[in-house]
Amino acid sequence: MGGAHLQYLPGYLDEIAQKALLEEIRCLVDRAPLFTPTMPRWGRPFSVRMSNCGPLGWVSDKSGYRYQPTHPVTGEPWPAMPQSLLDLWDATTGYKYPPQACLINYYSPDAKMGLHVDRDEEDFDAPILSLSLGDDARFRLGGRERSDPTQSFILRSGDIFILDGEDRLAYHGIDRIYPGTSLLLEEPGRINLTMRRVSKG
Ligand code: MD3
Ligand code: FE
């Protein structure tokens, strides 16, 4: 078994690589527009808007959280995952299987994401790769129980981190965005990509 594991690669992408990736994300979001997920049961909207690329995408609505092959609004298949992201996964995780979903989170300056665990995947042995672009964010990482103590980190544009082992099922969330801390996006805000393996094998 893996044990606690968090690999933090600050500034992994330089400014040129960040700009190239941002351009790819713009193309993806033209084809698969950002949608507003809603909470299961009550239907309260998230403040974060989302899209996905890859064979599967994560969605949330009144019937629950799930991965599905199509966009919840357009009904179209998600666009393919860019080769640059597949290469990044191989180079940094070395995991034996490719990622199946890349969730694209867009945070306007007032958006946040409450403490949660990512457990809609079947393969908890696979790592999750997270990549930040745009304004800084305060990220909070706790333990396996909601009541466990938490640690805060600032995630900056170009930072990557990889979670596996014990930390794969840790509570985490985004407390706030610091608008104006990056000039990468044209407007204040932040984009986070999380690449996931959903099924086993
Ligand atoms: C820690 N996104 O999409 S990425 C998410 O910055 C999500 O948008 C945040 O949490 C964001 O689910 C944080 C970093 C991250 C992703 C998955 C994790 C941290 C994690 C899974 C387990 C523990
Ligand atoms: Fe998460």
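Remember, it's 1-based here, ligands and their atoms both numbered in the order they're listed. What you are looking at is a predicted structure, and each value in this text was computed from that prediction instead of being measured.
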Q: Name the orientation class of the two ring planes belonging to Phe153 and Phe139 (parallel below 30°, tilted from 30 to 60°, perpendicular beyond 60°).
A: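 Rings of Phe153 and Phe139: tilted, as their planes differ by 30° to 60°.
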(Q) Which label fits Phe35 and His71: parallel for a plane angle under 30°, tilted from 30 to 60°, or perpendicular past 60°? (A)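 Correct class here is perpendicular.
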Under a 4.0 Å threshold between the charged nitrogen and the carboxylate oxygen, would [Y] count as salt-bridged to [X]?
X: Glu15; Y: Lys19; answer: yes
X: Lys200; Y: Glu121; answer: no
X: Arg66; Y: Asp120; answer: no
X: Arg140; Y: Asp175; answer: yes

Q. Of all heavy-atom pairs between Thr194 and Ser130, which one has the smallest distance, and what is that distance?
A.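 Scanning both residues completely, I find the closest heavy atoms to be CG2-CB, 4.0 Å.
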Q: Measure across Ala170 and Leu141 and return the closest heavy-atom pair with its distance rounded to 0.1 Å.
A: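 Nearest heavy atoms, Ala170 then Leu141: CB-CD1, 3.9 Å.
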With heavy atoms only and a cut-off of under 4.0 Å, state how [X] meets ligand 1: side chain, backbone, both or neither.
X: Leu169; answer: neither
X: Arg190; answer: side chain
X: Arg168; answer: backbone

(Q) Tell me whether the count of non-hydrogen atoms from other residues, nucleotides or ligands lying under 6.0 Å of CZ in Arg41 goes above 12. (A)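 Check fails, neighbour count at 12 or below.
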Give a yes/no on ligand 1: does [X] have at least one heavy atom closer than 4.0 angstrom to it?
X: Tyr171; value: no
X: Trp58; value: no
X: Ala170; value: yes

Please report which non-hydrogen protein atom sits nearest to [atom], along with the residue it belongs to and the distance in Å to one decimal place.
atom: atom 13 (C) of ligand 1; value: Phe139 CE1, 3.9 Å
atom: atom 23 (C) of ligand 1; value: Asp167 O, 3.2 Å
atom: atom 21 (C) of ligand 1; value: His172 CE1, 3.3 Å
atom: atom 9 (C) of ligand 1; value: Tyr107 OH, 3.7 Å
atom: atom 3 (O) of ligand 1; value: Asn105 ND2, 3.0 Å
atom: atom 7 (C) of ligand 1; value: Met113 SD, 3.6 Å

For [X], atoms of ligand 1 separated by under 4.0 Å from a heavy atom:
X: Leu103; value: 3 (O)
X: Arg196; value: 3 (O), 5 (C), 12 (O)
X: Ile174; value: 6 (O), 9 (C), 11 (C)

**Q.** Shortest heavy-atom approach to atom 15 (C) of ligand 1 - which of Asn192, Leu163, Ile128
**A.**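 Among Asn192, Leu163, Ile128, the closest heavy atom to atom 15 (C) of ligand 1 belongs to Leu163.
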Q | Among Gly142, Gly114, Pro127, Ser130, closest by any non-hydrogen atom to atom 14 (C) of ligand 1 | A |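 The option holding the nearest heavy atom is Ser130.
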Q. Within 45 degrees of the axis of the six-membered ring of Tyr107 and under 6.0 Å from its centre: does Arg190 put its NZ or CZ there?
A.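 That pair qualifies as a cation-pi contact.
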Q) To the nearest 10°, what's the angle at the Fe ion (ligand 2) between atoms NE2 (His116) and NE2 (His172)? A)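 Centred on the Fe ion (ligand 2), the NE2/NE2 angle is 90° (to 10°).
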Q: Tell me, with the steps shown, if Ser132 and Arg156 meet side chain to side chain contact (heavy atoms under 4.5 Å, CB included).
A: CA-CA 6 Å; Ser132 298; Arg156 297 196 166 82; over 6 Å; no
(Q) Any side-chain to backbone donor/acceptor pair from Asp135 onto Thr181? Under 3.5 Å, distance only. (A)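 Pair found, side chain donor or acceptor close to backbone of Thr181.
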Q | Closest approach to the Fe ion (ligand 2) by Asp118, given as the N, O or S atom name | A |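 Answer by atom name: OD1.
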